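Each remark here refers to the structure printed beneath this line.
Bear in mind that the values here come from a model prediction, so they are computed numbers and not experimental data. Order of listing sets the numbers, starting from 1, for every ligand and every atom in it.
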Amino acid sequence: MAEKKSRNIGGFEHIPYFPRAYPQEEMDQRSSWFYDFANQRRSVRHFSEKPVSRGILENIVKAAGTAPSGANKQPWTFCLVGNPDIKKRIREAAEKEEYENYASRMSQEWLDDLKKIGTDWQKPFLGTAPWLIVVFRRIYEVGEKGEKKNNYYVTESIGLACGILLMAIQHAGLVALTHTPSPMNFLIEILQRPENERPFLLIPVGHAADETYVPDIERKKLKEICVVYE
Ligand code: IYR
């Protein structure tokens, strides 16, 4: 097969791209299969202590790192925390903030909304899950001479990356929780992150405990989330 040539667009080289495509019937099957797969994902708060190899977590992060981002700046850092002492410090700091949240900082409406989820200030999963992925937004980059360089659409970009991260975790046969202890600044200090990074999500990852329960919640129906203009 003759190799396609690259093209010069605005002074920059663009390379040919060959996205995968499938026959109609296979597209029907694949889209339905993926929905079924995604629909099996649940936020899990009961983890087994069974270890998970670092290589699996690194593959998951590589998948997340394929997300689109503003001007392809890839404004994210994923910290993989398996060290028990660091996990312990993170749990203690998170529970301290969450205690205040549940005791006085959250509104009654918020507390009522959370009743069906069954959460409280205690976060034992931060100790039991073999890994914590701490995701940081990089609000700017630092150039070679120490100058600040802009990132764009950082929150949108990192949200997309975390969506792919969750699907990669699910695809590997693991479970996770998107946890947001608030405020999360203790993570900067414990993990000694640089000035240009802000914590975004704290995601315990591992195998589900032998006995795992999740709230009996429902997804909105297609009609409620989708409007078609055909
Ligand atoms: N961050 C707290 C509270 C919490 C808030 C929402 I919105 C949730 O969907 C779940 C929990 C906690 O993690 O308990």
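Residue Ile117 places every heavy atom at 4.0 Å or more from ligand 1.
In Asn101, neither the side chain nor the backbone holds a heavy atom less than 4.0 Å from any atom of ligand 1. At a 4.0 Å heavy-atom cut-off, ligand 1 touches Trp110 through the side chain alone.
Using modelled atom types, one side-chain atom of Arg42 and one backbone atom of Pro215 make a donor-acceptor pair closer than 3.5 Å. Judged purely by atom type and a 3.5 angstrom limit, Trp131 uses its side chain to pair as donor or acceptor with the backbone of Val52.
Note on Phe200 and Val154: separate hydrophobic clusters, where clusters join Ile, Leu, Val, Met, Phe, Trp and Tyr whose side-chain heavy atoms are under 4.5 Å apart, directly or indirectly.
With hydrogens left out, the protein atom closest to atom 4 (C) of ligand 1 is Leu114 CD1, 3.6 Å, a heavy atom. Distance from atom 3 (C) of ligand 1 to its nearest protein heavy atom, with residue and atom name: Tyr102 OH, 3.4 Å.
Tested against Arg45, the residues Thr128, Thr212, Ile117 include a single side chain to side chain contact (heavy atoms under 4.5 Å, CB included) partner, Ile117.
Ionic pairing of Lys88 and Glu92 is present here: one or more N-O contacts between side-chain nitrogen and carboxylate oxygen are shorter than 4.0 angstrom. For the pair Arg193 and Glu197, the salt-bridge criterion is met [side-chain N within less than 4.0 Å of a carboxylate O].
Using a 4.0 Å cut-off to heavy atoms of Lys123, the atoms of ligand 1 that qualify are 12 (C), 13 (O), 14 (O). Every atom of ligand 1 is numbered from 1 in the order shown, and the set under 4.0 Å from a heavy atom of Thr180 is 1 (N).
Not a single N or O atom of Arg45, backbone or side chain, sits closer than 3.5 Å to an N or O atom of ligand 1.
Phe37 and His171 have perpendicular rings, their planes meeting at more than 60° on a 0 to 90° scale where under 30° would count as parallel.
Within the set His179, Glu98, Arg105, the minimum heavy-atom distance to atom 2 (C) of ligand 1 is found for Glu98.
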